[in-house]
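The structure appears right after this line, and notes come after that.
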Amino acid sequence: MRKFLFLLPLAAAFVGCSDTNVAGGPGSITTNGRVEKDGASVPFARISLRDVDHKVLPAGTEADGIFTDAYADDKGEFKLKIPKEGSFRLVVSYKGDAFTTVVDAESGNSLETVELVPTAVMQGEVDIPRGADNVWVGVLGTDILVPTDMNGVFVIPSLPANDSLQLYFVNDAMDSVLENRNVFFAPTEFVYESYKTPADTVKPDRDSVEVPVDSVKKVQVVTADGVPASYAAIALRASDHVADEISLHNSLVKADIRADADGQFSMEWPESGSFRLTVVAGIYSFSEVYDADHLSEIDTLKLDVSSSVSSKVTLKTGEDFAWVGAYGLDVLVKTDDQGAYVLPAVPAGKDLELYFVHADGGKPFVDWNVRTLREGAGFLSPEKLLYDFEEQDSLWYLSVDTLWKGSTYLFANGKTDNTHLMENHLEFDEVRNSQVFHGKYIVASDPYAWVLVGTGMDEERNFSAMDSIAFFAKGTGKIRLALENWENYSKASKAASAWVPLDTAWKRYVFKPSDLCYNSMEIRACEDTWNNVKNRVRQIHIFPSAGKDFYIDDVKLYGVLF
């Protein structure tokens, strides 16, 4: 007997994200607030306000996050209009943290400080109605809506904590609510709930392939406290496996087989190659890469409580989202329009190699090796080594003033370098114990004269999530950093730092967006320069001046990955 009750037709109950479900407009009051975490302001936090009974239809591809109505400013302060009639769920989020509460015009007016806390992760199972392929699971008052797989397993990767929420379950035709459930999550909590009828909880996946080979040694699967992991899901994938199709897969893997009631399984292992073996049982998981000849040696697998990882990837200018997966697993999630994403229910304390695919599909455009957290949920700040100068990079170049003022680069012997090739200026440095760039130069005596070393993007990039750029440098004179979108003199924007002195010994220089205050006209306008270029960066340039030579090594970009 199925537990789900068909409650009401939904032809008029569901609405997409539009002005009709974003609070504000006539007959509303304005709430002034401030977003904080651990007592510090949180700039540019995302804010969403929905009717408490709001539900959402999937639009094109599945949504598993919060759509943004407004942003806090650079001081973490925000203004929000709340209608005078009705109750609304407010969600404020930033990276892996969030705040939520139900407000109306009266309570919202007194809302001053919003304190963010880490989000929670939920995994669960529900019954699939006879003849249906899956069920949709949403959270009332938000834009969260995720599909189950064909066995009823679902994952909600990022749930606001410390307030009562209500899940709703909808059939695959999206025309009937099946059931509602009240839930409450603590920060960083990982919750597993089964809403299946008892008879269904021990059944293996409908698509599982049993391998009853008595001659093959059985592997014992236990949880962290030594309890057999009954009916754990087991999957074996090539270590370079990627998701079979570009669509939302919040679960780590689709099971090949299930362990038995005693937590044991047998499998015919491949004879050659590299494979990732993954086991999932409720809130517990295990995943490791093995060479084929070591798989048969496995005797016992110990599962740990899963964790959750959130981070960001740099989107192309104008791109609304990208896909994020992990090699050797079936999981594939979507970023939001800022490139933020959550990988839910991942094995704790393990090395994963992530891959990223543009919204329109194709091959992965970047890889990133990460170490998952030991417990709970947290944010991993990405970093990109732009150049270590160990070998020539075709995207890096030398340049001098294009108005022919007379600036030039020189070889080590003092002769003029007309090639402007980076490879002519790389040398080994004993202090850094690596190849470094060493540029000798002459800057002409003119306000518009310059020399630079820089790199161009293969396409415009959105650097709005950038934390900082750091590199090691030494030399004579001074140096500055600039991020630019330069096509020609009539179409150019620049955000540059002030000039800082170089030291004769190696020193690490760090530049944050707040340091990039000078525009292409050399006018200091900190409130405008970064905003004018951050969403469409084409070049990163390092300028020297007032000296004879300079050295650069290990240019790193923090908070951005592309």
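Judged by the 6.0 Å distance and 45° axis criteria, K334 is positioned over the aromatic ring of F321. Both tests hold for K534 against F44: distance to the six-membered ring centre under 6.0 Å, angle to the ring axis within 45°.
One distance of note links OG of S158 with OH of Y341; it measures 13.0 Å at 0.5 Å rounding. Taken from CZ in F463 to CG in L315, the straight-line distance is 12.0 Å, to the nearest 0.5 Å. Atom CG of residue D388 and atom NZ of residue K556 lie 10.0 Å apart, to the nearest 0.5 angstrom. Separation of atoms OH (Y290) and OG (S274) is listed at 11.5 Å; rounding is to 0.5 Å. The OG atom of S468 sits 7.5 Å away from atom CG of L557, with the distance rounded to the nearest 0.5 Å. Between D38 atom CG and L116 atom CG the span is 9.5 Å, to the nearest 0.5 Å.
A side-chain donor-acceptor contact under 3.5 Å links E460 and N485. Side chain to side chain, Y387 and D554 fail the donor-acceptor criterion of an N or O pair below 3.5 Å.
A salt bridge does not link K196 to D127: none of the charged nitrogens lies less than 4.0 Å from a carboxylate oxygen. K254 has no carboxylate O lying under 4.0 Å from a charged side-chain N of D330, or vice versa, which leaves the two without a salt bridge. Salt bridge R89/D51: absent, no basic N to carboxylate O contact under 4.0 Å. A salt bridge between K37 and E115 is absent, with no side-chain N of the basic residue lying under 4.0 Å from a carboxylate O of the acidic one.
What you find for S48 and D143 is that their closest heavy atoms are OG-OD2, 4.3 Å. L252 and S285 get closest at one heavy-atom pair: CD1-CB, 4.4 Å. Closest approach of T119 and A98 over heavy atoms only: CG2-CB, 3.7 Å. Summarising the geometry of Y71 relative to R46, their closest heavy-atom pair is CE2-CG, 3.6 Å, with the distance given to 0.1 Å. Taking all atoms of both residues into account, the shortest heavy-atom contact from A259 to F265 is CA-CB, 4.1 Å. Taking each heavy atom of P347 and S287 in turn, the nearest pair found is CG-CB, 3.4 Å.
Side-chain atoms of V170 and V137, non-hydrogen and from C-beta on, never get closer than 4.5 Å to each other. Residues T148 and V126 form a side-chain contact, since some pair of their non-hydrogen atoms from C-beta on lies under 4.5 Å apart. Side chains of L343 and L354 form a contact here, defined as non-hydrogen atoms less than 4.5 Å apart. Between E319 and H358, some side-chain heavy-atom pair lies under the 4.5 Å cut-off. Residues M466 and I469 have side chains in contact (heavy-atom distance under 4.5 Å, counting atoms from C-beta outward). In this structure, T335 and F356 have side chains that are not in contact, with every pair of non-hydrogen atoms separated by 4.5 Å or more. For the pair V121 and I156, the minimum side-chain heavy-atom distance is 4.5 Å or more. Residues V139 and L159 have side chains in contact (heavy-atom distance under 4.5 Å, counting atoms from C-beta outward).
Separation of the F169 and Y195 ring centroids falls under the 6.0 Å cut-off.
Of the residues V279, I234, V222, the one that meets the side chain to side chain contact (heavy atoms under 4.5 Å, CB included) test with L301 is V279. L303 pairs in a side chain to side chain contact (heavy atoms under 4.5 Å, CB included) with only one of the listed residues (I283, V221, V280), which is V221.
Legend: residues meeting salt bridge (charged side-chain N to carboxylate O under 4.0 Å, His left out) with R461, ordered by chain and number and at least two apart, are D458, E459.
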Would K350 and E288 count as a salt bridge (charged side-chain N to carboxylate O under 4.0 Å, His left out) here? Give the steps. CA-CA 8 Å; K350 297 293 184 180; E288 198 74 68; 2.8 Å; yes
